[in-house]
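One structure is given here, and the rest of the page talks about it.
Quick caveat: nothing in here was measured; it's all calculated off a predicted structure. The sequence lines fix the lettering, A, B, ..., with proteins before strands; numbering per chain opens at 1.
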Protein chains: 6
Amino acid sequence: MRILIINPNSDPVMTETIKKAAVQYAEGEFEVECMLTPGAPKFIETYEDDIQCADGMLKLVRENEGRFDAFIVACHDDPNLDAIKEITDKPAVGIGEASMKIASMLGHKFSVLSTDIHSVPGKEVLVRKYHLQDKLASVKAPVRPISDLADYMSFLETAKAAINDDLAEVIVLGCAGLAGIDKKLQNELGIPVLDGVVCALIIASGLVKYGISTSKLRLYNPEY
Amino acid sequence: MRILIINPNSDPVMTETIKKAAVQYAEGEFEVECMLTPGAPKFIETYEDDIQCADGMLKLVRENEGRFDAFIVACHDDPNLDAIKEITDKPAVGIGEASMKIASMLGHKFSVLSTDIHSVPGKEVLVRKYHLQDKLASVKAPVRPISDLADYMSFLETAKAAINDDLAEVIVLGCAGLAGIDKKLQNELGIPVLDGVVCALIIASGLVKYGISTSKLRLYNPEY
Amino acid sequence: MRILIINPNSDPVMTETIKKAAVQYAEGEFEVECMLTPGAPKFIETYEDDIQCADGMLKLVRENEGRFDAFIVACHDDPNLDAIKEITDKPAVGIGEASMKIASMLGHKFSVLSTDIHSVPGKEVLVRKYHLQDKLASVKAPVRPISDLADYMSFLETAKAAINDDLAEVIVLGCAGLAGIDKKLQNELGIPVLDGVVCALIIASGLVKYGISTSKLRLYNPEY
Amino acid sequence: MRILIINPNSDPVMTETIKKAAVQYAEGEFEVECMLTPGAPKFIETYEDDIQCADGMLKLVRENEGRFDAFIVACHDDPNLDAIKEITDKPAVGIGEASMKIASMLGHKFSVLSTDIHSVPGKEVLVRKYHLQDKLASVKAPVRPISDLADYMSFLETAKAAINDDLAEVIVLGCAGLAGIDKKLQNELGIPVLDGVVCALIIASGLVKYGISTSKLRLYNPEY
Amino acid sequence: MRILIINPNSDPVMTETIKKAAVQYAEGEFEVECMLTPGAPKFIETYEDDIQCADGMLKLVRENEGRFDAFIVACHDDPNLDAIKEITDKPAVGIGEASMKIASMLGHKFSVLSTDIHSVPGKEVLVRKYHLQDKLASVKAPVRPISDLADYMSFLETAKAAINDDLAEVIVLGCAGLAGIDKKLQNELGIPVLDGVVCALIIASGLVKYGISTSKLRLYNPEY
Amino acid sequence: MRILIINPNSDPVMTETIKKAAVQYAEGEFEVECMLTPGAPKFIETYEDDIQCADGMLKLVRENEGRFDAFIVACHDDPNLDAIKEITDKPAVGIGEASMKIASMLGHKFSVLSTDIHSVPGKEVLVRKYHLQDKLASVKAPVRPISDLADYMSFLETAKAAINDDLAEVIVLGCAGLAGIDKKLQNELGIPVLDGVVCALIIASGLVKYGISTSKLRLYNPEY
């Protein structure tokens, strides 16, 4: 089994972070490859960013459909995931959808750790798109703007506030770039901390193994 | 006041239909222009179609921002409307959002006339995006596939079924290409029939006159 | 085009405030008249107040149906709006419904500025009646009781709290008597501030121009 | 204990029907009186009807507050119930609210038997007002217009359709004038059939005995 | 009429507290008996506790079905209530369901006083099970862990916080063991305070008198 | 990795069916064992059945906690799943929850194939418990009662009705005993058909591999 993880942005550092988390989970049981998206912005933050990475992402899927068994979109906002579900016959999984749906099985409510308060409304829109709004404790960003994604202490503090103030029972990392702090955070907090890349691998590898993919009947039918 | 209506597809016939409806409403009180989207597919039906018209639509907005006071997206699925709300300081209105929110003020529940049963799930997703799912009687498409958008009798029959079977009290035309049959249908049915192009002009011209545009605080902030 | 704005209460000062905002928006493009309701209480605050202004409001509509093309109910609680939608064939628009539905198109969530904490539950009931509860950031009243509606600083402070604490992206003035502070507030806050009177004029004048009115099929049928 | 049942309309026959059902339930354990509303329409069907019975209903409450321990509004649309909850310190119960909330405890979903298809939207609005929309199987009216409320066979047939087609498990009589057919219908259908008058008496007499009435803190505070 | 109140736990002190409240309400108009559940845990706090009291509760119902006209489950989490509704032909009422549905008729939103913050998620699950989530102001537990259920001042303080911070208008006692503080709390707070045991007696005695019980059509059919 | 699949009933034939599906999916990559529940009823259909299998299920978990890495509850109603999540530190997954949450990622709406119309309300309750009610096309049972679970043609016909009448895009097998017909049905229907046993294995094996289990903070804390 071979799974292609598409990083919708063009940042090689974040691509490497994602790959590391993925390889560690795959443990040689299946192959994972991680590609950045040519022509995409360095970060995906706005609606226009979603558009700017779209062509590159679809091209990656089309060029690699023969070589891979499933595709993962590795940005927590799941940009262009619907289009990818539509164009490929292989399973397509977003790290946002996978992580939040798995989180919903593990406790009463979950909080999404976000990098900046500006992204809260957009994440709320996504949560509701997946019908998870009533399982959401909060989308929580550090009170003070963070300097970089490596600012572990800020995220720890933010997660603690989600647990105590919003009664979160599960933490979801709201950015692919946070992959790698899940276990450290989980050990400190004592509750499940979910990295979307791994969650998407769980779903994608399972679907491949089971021989299931997206329904092409109507919503994701590319040819109607 | 000048309003630019963007037809997200590249069909000159549909562009003309839209323009005619718009000019008739504007009646010389404000100027409307209607442009098709260069490089866009002939029809917008799939998620990939939304992506393929995106660049062209954004380019139209950017090139014309100085000359117009508001922008209208004239496809009932409101493709790339969020991105346009984000990139321009002028009001941006979709014919889907405008028509369905106005419909919600005029009766208990509304039905959306759609051209094909394949588009029903996508329209339901859109209705819920706008938080209108509980005001929706049904998305209704002709039982038999239609040959073209001019198949008036099919839409009349479909609207009657929506009224009698689903208890719709207002009809929304679910495709910009249906602009022009609203009054004929309304006269026959005896209940309000809304063309999205006109509804979007109502909102857009009103916002311009009032000096109101999209909030750029967080969700539609292009620069965070 | 002539639009009658009905102030459900009997306060001539508030009637004047409303009229001023309306005339300024109409700018001579259409005529607006503003009438207070004979026999109504000075303020509309309770359920009984709604009843006490009902007869007068309906009488105003009936006496003026021939002379006007649309009716606006200019109290943010939209008292007796359903009955007016029922008895007249002309469009009938409430400033509560119009302002909050327009607000829902302009940003992620809106807050309603209210005059007193006692009115919060009633406004929440209204918001849910219009199916807007998931677009509501908060109904927010000044922490300290205000002396009068001219206490601008209290409303500014309340709006800022809505923006920062409740993540509101749009502000709706929750009382017709606040008409007139919209632009000042908007300039200071940097996000859209909506006066219901103007919003209702946008919808009402548009409906008249478009030849659309309330569906009389079932819910608003006066004769079944 | 003395409970006043207010029939919002002015029909003496329906008043008698209501009284009979009430007296039969009270069985001498408490006193019930049933009054029609002076000045009210003969039937309550429209929004304007609600207004036309309002003054009379409030007057009845005020004149009788000293003599009674609770008030019941005996029209299934609960007209002016909010205002009555507001003006009296005694418990005020509507037959719509009481019957549907009790129904929600007795089975998966309930259907409301209505007299005419025109009333379906209004009843759906009421059901949602009470947050019961997800417990509703259907509002169901006889397919053929009924000649009078005594058309038992039509209601039996309608109830059977609700059970079989909409999977209703409980039937609620949607009109005070149907009081009296509950037991006959229940025997034939084999599932609970609820008359709102009795349901309101259950709640009202219980509240009186328990010393509980409407909260006057904010929503029903008559003096803020 | 004879009503059996089943205390799902095996604590004789709490059983006595419940009985006292019940007898005081019944006032000799009907008989109430209160039994603890043999073999049950001393307190019902976890999902496993629900299971451990199940056999004993069902046995109590079966052994006493001939002698009683209705059954009440006197733990605010309504453990095993669905099974009891299923196995008996007599009305079965939970103190959680009864108190919260009655609360929903008395004011805008209610808060549930809980004994410990750990129980908040479970109570939220219950509130949603009864479709009351939008009528809930909050589930509120004392900030500091309480020493015992007699810690009146903690609950008073908690109720005040629910009123002021969460805008609760009605208070529901969230534990059968709190029976007895309702009137004292109500006098101090000035808003309705509901003890579930009494609320369940209101519903159960009313259903018995009316000749209504659980629908056995599908959801609670013991024999399909 | 070793996963224990608990069949909540005591039917060895159904246990064998489940095991076969599980072993086929595991393909030797991890070990699966499948046990029936001693003392449980032969079928799990009622609320009392849930109780009667509870002790046996919990005992199985406790006795086998040391030997297994995860537990699966293999009845589509997920009986006692909450209690098992509570008592074990290992991941616990229900076939109902897993299959329906995976279904929600694969198409617009899913239908659950049920064995009998009597089970529809109970399944609707379960779907809503998992917050999936808006992703549900229908719970659909064969129109004519089936003789046994091997009545493939009935389920095929039922699935086709779900697709055509309710617009289902994904089919979920609503009974563990249907394991084994998934691929045959999928080939005939052309859309994804999900067996819950496999879906639960996907989630459970993934959680084990990832080192994630149920949050014990509050809702599933066995010791508060």
Side-chain angles (χ1 to χ4, degrees), chain E residues 8 39-41 43-59 61-62 73 77-88 92 114-131 133 139 141 145 214-224, chain F residues 8 39-41 43-59 61-62 73 77-88 92 114-131 133 139 141 145 214-224:
Chain E
F43 298 109
I44 308 295
E45 288 171 325
T46 65
Y47 284 110
E48 189 174 11
D49 291 340
D50 291 355
I51 289 173
Q52 287 183 346
C53 59
D55 285 337
M57 292 177 74
L58 266 58
K59 209 175 157 207
V61 170
R62 288 223 163 87
V73 173
D77 295 337
D78 293 348
N80 303 302
L81 176 62
D82 286 320
I84 293 178
K85 285 183 178 179
E86 180 183 83
I87 66 165
T88 175
S114 187
T115 52
D116 191 295
I117 197 176
H118 276 99
S119 65
V120 172
K123 295 227 173 271
E124 287 183 2
V125 168
L126 189 74
V127 167
R128 186 172 176 275
K129 177 183 171 180
Y130 294 139
H131 297 79
Q133 68 277 7
V139 180
T214 306
S215 177
K216 293 305 176 78
L217 190 55
R218 297 186 191 99
L219 185 61
Y220 296 112
N221 185 338
E223 287 168 13
Y224 75 81
Chain F
F43 298 110
I44 307 295
E45 289 171 325
T46 64
Y47 283 111
E48 190 174 11
D49 290 340
D50 292 354
I51 289 172
Q52 286 182 348
C53 61
D55 285 337
M57 293 177 73
L58 267 58
K59 209 174 157 207
V61 171
R62 288 222 164 87
V73 173
D77 295 337
D78 293 348
N80 303 303
L81 177 61
D82 286 321
I84 293 177
K85 285 184 178 178
E86 180 183 84
I87 67 164
T88 175
S114 187
T115 53
D116 190 294
I117 197 177
H118 275 98
S119 66
V120 173
K123 294 229 174 270
E124 288 182 2
V125 168
L126 189 73
V127 167
R128 185 172 177 276
K129 177 182 171 180
Y130 293 138
H131 298 78
Q133 68 276 9
V139 181
T214 307
S215 177
K216 295 302 178 78
L217 188 56
R218 295 187 191 99
L219 186 61
Y220 296 111
N221 184 339
E223 287 168 12
Y224 75 82

Next on the checklist: Need one label for L217(F): side chain, backbone, both or neither, based on atoms under 4.5 Å from any heavy atom in chain E.
Outcome noted: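 For L217(F), the backbone is the part near chain E, not the side chain.
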Checklist entry - Out of curiosity, D55(E) CG to D55(F) CG, how far, rounded to the nearest 0.5 Å? => result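 The CG atom of D55(E) sits 5.5 Å away from the CG atom of D55(F).
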Item to check | Pairwise distance CD(Q52(F)) to CG(L58(E)) - rounded to 0.5 angstrom | outcome: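 Going from the CD atom of Q52(F) to the CG atom of L58(E) covers 8.0 Å.
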Checklist entry - Any salt bridge between E48(F) and R62(E), counting N to O under 4.0 Å? => result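 Salt bridge between E48(F) and R62(E), a charged N being under 4.0 Å from a carboxylate O: yes.
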Next on the checklist: Checking R128(E) now: which residues fulfil side chain to side chain contact (heavy atoms under 4.5 Å, CB included) with it, not counting sequence neighbours?
Outcome noted: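 Only D134(A), Q133(E), R128(F), H131(F), Q133(F) meet the side chain to side chain contact (heavy atoms under 4.5 Å, CB included) criterion with R128(E).
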Item to check | Counterpart residues, side chain to side chain contact (heavy atoms under 4.5 Å, CB included), relative to T214(F) (two or more places apart) | outcome: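 T214(F) satisfies side chain to side chain contact (heavy atoms under 4.5 Å, CB included) with K85(F), K216(F), Y220(F) only.
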Checklist entry - What are the two closest non-hydrogen atoms of I51(E) and A83(F), and how far apart are they? => result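 The answer is CD1-CB, 3.5 Å.
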Next on the checklist: With heavy-atom distances below 4.5 Å as the criterion, would you say the side chains of N80(E) and Y47(F) are in contact?
Outcome noted: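 Not in contact.
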